[in-house]
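Here the structure is laid out as structure tokens; the discussion comes afterwards.
Here is the naming used below: chain letters follow the sequence lines, and residue numbers restart at 1 for every chain. Below, all heavy atoms of this structure are taken into account, side chains as well, without hydrogens, waters or symmetry copies.
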There are 2 protein chains.
Amino acid sequence: MNDKFFKLPLEKQRRIINAAYKVFSENSYKKAPMSEIADESGISKALLFHYFTNKKELYLYLWTNAIEMTRKAVAEYKTLETDDFFEMLKRSLLSKCSLMREYPHLYAFSLRAYYETTPEIQNSIQENFNDVSKASEMIVFEKMDILKFRKDIDIKTMYAEIFYAVDGYMLKKYRSNCIIPDEIEKEIIVLIDFWKKVYTQEV
Amino acid sequence: MNDKFFKLPLEKQRRIINAAYKVFSENSYKKAPMSEIADESGISKALLFHYFTNKKELYLYLWTNAIEMTRKAVAEYKTLETDDFFEMLKRSLLSKCSLMREYPHLYAFSLRAYYETTPEIQNSIQENFNDVSKASEMIVFEKMDILKFRKDIDIKTMYAEIFYAVDGYMLKKYRSNCIIPDEIEKEIIVLIDFWKKVYTQEV
DNA sequence: GCTTGTATTAACTGTTACGGTCAATAGGGA
DNA sequence: TCCCTATTGACCGTAACAGTTAATACAAGC
């Protein structure tokens with residue numbers, strides 16, 4: 001990978017990265033064409049290959065970049081610095097919305113990349129999202145205040161159900177090609193408030 | 001489309017159809033290769049083209065077939081013959097699980113096909129799932145007994161949230177290539193029971 | 001065994017897509 | 001003007017793909 005890429009105006013870097021996230025999130029690795037990424041970002045294919053020596057390198061850069069930025073965003077929003085589960089959830093999801101403003105397709109890319117089966121890619125991915133999310137899940141379970149929940153529900157099921165719903169919601173947004181961060185933020189907040197009301201113990 | 005296809009042993013028909021559902025659910029129309037469908041179903045590409053004159057015809061057959069079979073399964077399970085929302089939900093999802101035993105990738109295909117953008121396909125799809133599901137949603141809302149729900153929650157949000165969760169759950173199953181109807185059925189029932197407990201009014 | 005009809009395929013065709021390269025150009029600063 | 005870097009159009013070899021065709025495998029009837 002060519003250092004000159006990082007000397008580009010940030011806006012242009014972002015445009016290229018985003019185009020790549022988009023194309024790789026819509027196709028499997030093998031069927032995602034470099035030419036489409038070039039077109040989408042408004043540069044020539046030759047230039048794209050000038051910055052990233054080949055497809056694999058670009059993909060792996062996107063991957064580590066996604067992990068890193070996600071981690072950073074989650075930290076910035078002080079996601080784990082509370083013991084209120086729904087506050088954690090809100091911070092976590094709002095941090096992802098903020099990321100979405102800059103990189104609309106990063107979320108979809110991450111969702112897909114984890115299950116990428118192309119051997120040459122699968123083997124090269126050492127650090128994976130699952131480790132990250134499993135780890136943070138554990139921290140969440142340690143940190144959160146159990147007492148606030150209704151006593152008659154199974155918290156693990158609740159936790160799983162909420163994340164299914166978030167993924168299902170985002171899937172729909174992506175499939176209908178409708179990534180408007182402001183709107184998503186609003187709707188996510190509605191959902192979180194809904195969950196909070198439903199799962200919290202009456203006082 | 002060639003009538004001889006229907007004279008094939010049912011098992012073989014099923015194998016071909018399923019391979020097609022699989023490949024079309026994993027790739028966009030344009031990038032789903034007929035050769036892969038042939039390989040997956042254990043017949044030659046030439047024979048596949050013998051039964052379905054071309055790719056488009058096969059795709060459209062799958063589409064109408066999916067709608068028809070879904071409708072039939074939902075009817076068989078008497079989904080709308082109750083006023084208990086969670087019973088409806090259970091019947092609806094169990095009917096889809098039963099379909100899944102025969103056609104594991106039909107659900108994923110449907111999920112994707114609705115958002116297919118290839119013009120030659122998009123234009124040819126007259127009857128769409130959205131009409132069907134919107135219609136049945138209306139019936140559901142008419143039929144179901146509102147009184148059973150907690151009074152402090154928004155039913156539309158609940159309805160949306162549940163369907164997000166189901167899609168998110170299925171997405172995960174498909175992505176991790178883990179379609180085991182028995183297991184899915186069990187887990188779906190756990191989720192429904194969970195929802196029922198959470199959303200139903202205490203007596 | 002031979003004949004006939006059908007199920008099935010290997011091999012082929014023409015075209016397009018793709019990853020990657022390179023020689024050439026454009027553009028800006030000295 | 002020269003020089004240097006950013007950028008690209010055109011190109012290459014290969015592979016993938018939709019669809020065709022001529023040939024084979026196979027079974028049924030004689």
Interface residues of residues 4-19 of chain A with DNA chain D (non-hydrogen, below 4.0 angstrom)
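Here the set is A:K4, A:K12.
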Interface polar pairs with nucleotides 27-30 of chain C, N/O, under 3.5 angstrom:
none

[X] [atom1] to [N] [atom2], straight-line distance once rounded to whole Å:
X: B:N2; N: C:dT6; atom1: CG; atom2: P; answer: 12 Å
X: A:L58; N: C:dC18; atom1: CG; atom2: C1'; answer: 15 Å
X: B:F52; N: D:dT20; atom1: CZ; atom2: C1'; answer: 18 Å
X: A:I121; N: C:dG19; atom1: CD1; atom2: P; answer: 12 Å

Show me the side-chain donor-acceptor pairs of residues 142-149 of chain B shorter than 3.5 Å, one per line, residues at least two apart or across chains.
{"unit_1": "B:K143", "atom_1": "NZ", "unit_2": "B:L80", "atom_2": "O", "d": "3.2"}
{"unit_1": "B:D145", "atom_1": "OD1", "unit_2": "B:L147", "atom_2": "N", "d": "3.1"}

Protein proximity profile, nucleotides 8-18 of chain D - base contact B, sugar-phosphate-only contact S, no contact -, cut-off 4.0 Å on heavy atoms
BB-------SB
Are [Y] and [X] an aromatic pair, judged by ring center distance below 6.0 Å?
X: B:Y51; Y: B:F6; value: no
X: B:F5; Y: B:F52; value: yes
X: A:Y159; Y: A:Y199; value: no

Please tell me if B:Y51 has a side-chain N or O lying less than 4.0 Å from either OP1 or OP2 of C:dA7.
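So the side chain of B:Y51 is outside the cut-off, no N or O lying under 4.0 Å from OP1 or OP2 of C:dA7.
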Does any donor atom in the side chain of B:T118 or B:E116 lie under 3.5 Å from an acceptor atom in the other side chain?
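Yes, a side-chain donor-acceptor pair sits under 3.5 Å.
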Would you check if there is a donor-acceptor pair between the side chains of B:T53 and B:E57 at a distance under 3.5 Å?
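Side-chain D/A pair, B:E57 to B:T53: present.
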Quiz item: cation-pi between A:K55 and A:Y29, 6.0 Å / 45°:
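Output yes; distance and angle both within limits.
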Residue pairs, two or more places apart or on separate chains, that pass side-chain hydrogen bond (donor to acceptor under 3.5 Å, both in side chains) and touch residues 169-179 of chain A:
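Sorted result for residues 169-179 of chain A: A:Y169-A:E187, A:K173-A:E183, A:K173-A:E187.
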Got a sec, which residues hit side chain to side chain donor-acceptor pair (under 3.5 Å) with B:T79, two or more places apart in sequence or on another chain?
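In terms of side chain to side chain donor-acceptor pair (under 3.5 Å), with neighbours along the sequence ignored, B:T79 is linked to no residue.
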Flag the pair A:R150 and A:D152 as a salt bridge only when some basic side-chain nitrogen lies within less than 4.0 angstrom of an acidic carboxylate oxygen.
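Yes.
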Shortest non-hydrogen contact from B:Y77 to B:R91?
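Nearest pair, atom of B:Y77 first, then B:R91: O-CD, 3.1 Å.
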